Amino acid sequence: DAMVIQNPRYQVTQFGKPVTLSCSQTLNHNVMYWYQQKSSQAPKLLFHYYDKDFNNEADTPDNFQSRRPNTSFCFLDIRSPGLGDAAMYLCATSSTYLGDRAPNEQFFGPGTRLTVL
Amino acid sequence: KQEVTQIPAALSVPEGENLVLNCSFTDSAIYNLQWFRQDPGKGLTSLLLIQSSQREQTSGRLNASLDKSSGRSTLYIAASQPGDSATYLCAANTNAGKSTFGDGTTLTVKP
């Protein structure tokens, strides 16, 4: 089945130790998103890739970076995690091509729960 | 700046009851609106997507409506079941791929 995969599902890191979260998709969608979701809150968009074009949200801290080496993969790098960065990180994809059944419908992965010690 | 509000924050109903979840947004210039379900500790599952030119979408026991002019969407769940217990989120999306989510409504359906 076509899907969005996130690895690892659970990640524990130490304060200040860089960490990378990964997302892959078999849907061949051209748009990929990274969201941060804290407990009982709405997912907050960090940035998204529209094809190869990177779009950063104005209030996303510089501590968060992203890479998209190809259509299928997207990475979230947290350069120096703080305690406030502990959250669920959600990856999503969508397609803007009109030929698709549901253009712009977002499909989410299962998330990576990040713990910062 | 788009703001999305979902009321109520929590809802508890007995099994079999029909219910309506509400979503309101401040900027009517949306491309589409999407409803999701989220189980505790899990990702989001897409339920229904309504394009800005549409007024409603149906899938099984779920019906979502959209009124752009008033900035409102509703999710109607018919004959609720305990398995429907989850948090329901709505997201207002622009054609540039930007999404703004509400905080969600946590639904509990009691057997």
Side-chain angles (χ1 to χ4, degrees), chain A residues 3-7 9-10 21 23 25 27 29-51 53-60 87-98 100-115, chain B residues 1-11 21 23-26 29-54 57-59 64 66 86-108:
Chain A
M3 56 198 304
V4 181
I5 302 163
Q6 291 188 245
N7 285 306
R9 295 291 310 279
Y10 301 91
L21 310 182
C23 177
Q25 53 129 340
L27 297 161
H29 284 172
N30 61 319
V31 188
M32 294 188 76
Y33 310 78
W34 278 106
Y35 291 88
Q36 179 193 65
Q37 186 181 28
K38 297 188 177 181
S39 182
S40 301
Q41 294 184 19
K44 178 180 178 298
L45 183 64
L46 296 174
F47 25 60
H48 72 279
Y49 279 92
Y50 193 115
D51 295 316
D53 294 333
F54 177 70
N55 299 272
N56 195 34
E57 293 301 300
D59 56 355
T60 297
M88 174 77 89
Y89 290 88
L90 298 165
C91 174
T93 72
S94 70
S95 172
T96 60
Y97 298 129
L98 295 177
D100 280 351
R101 180 179 61 84
N104 280 11
E105 180 176 6
Q106 291 192 45
F107 294 85
F108 280 77
T112 294
R113 170 75 64 186
L114 178 67
T115 300
Chain B
K1 180 184 177 183
Q2 178 73 276
E3 294 182 3
V4 178
T5 304
Q6 292 187 248
I7 295 174
L11 182 64
L21 307 180
C23 172
S24 61
F25 46 96
T26 56
I30 63 171
Y31 186 72
N32 58 44
L33 187 136
Q34 195 166 358
W35 281 93
F36 296 89
R37 169 187 173 136
Q38 187 174 33
D39 293 290
K42 302 290 180 66
L44 279 66
T45 300
S46 178
L47 297 174
L48 289 164
L49 174 83
I50 311 177
Q51 300 293 352
S52 61
S53 58
Q54 298 174 325
Q57 281 285 337
T58 298
S59 176
L66 175 64
T87 296
Y88 291 81
L89 297 125
C90 67
N93 304 321
T94 71
N95 62 354
K98 181 168 181 174
S99 294
T100 305
F101 280 81
D103 286 337
T105 294
T106 299
L107 173 66
T108 303

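Below, chains carry the letters A, B, ... as their sequence lines are ordered, and counting in each starts from 1. The structure displayed is predicted, hence computed values, not measured ones.
Using modelled atom types, one side-chain atom of B:Gln34 and one backbone atom of A:Gln106 make a donor-acceptor pair closer than 3.5 Å.
Atom CD1 of B:Ile50 is separated from atom CD of A:Glu105 by 11.5 Å, given to the nearest 0.5 angstrom. The structure places CZ of A:Phe108 at 9.0 Å from OG of B:Ser46, a figure rounded to the nearest 0.5 Å.
For the set A:Gln6, A:Gln41, A:His48, the entry with the most heavy-atom pairs within less than 4.5 Å of chain B is A:His48. Between chain B and the residues A:Arg9, A:Lys44, A:Glu57, the most heavy-atom pairs under 4.5 angstrom are made by A:Glu57.
Neither the backbone nor the side chain of B:Gln6 has a heavy atom closer than 4.5 Å to any heavy atom of chain A. Of the atoms belonging to B:Asn93, it is side-chain heavy atoms, and not backbone ones, that fall under 4.5 Å from chain A.
Heavy atoms only, all atoms of each residue included: B:Gly102 and A:Ala42 are closest at O-CB, 3.0 Å. The minimum heavy-atom distance linking B:Leu44 with A:Pro43 is given by the pair CD2-CG, 4.3 Å.
Within 6.0 Å of atom NZ in B:Lys98, 12 or fewer heavy atoms from other residues, nucleotides or ligands are found, so the atom counts as exposed in its surroundings.
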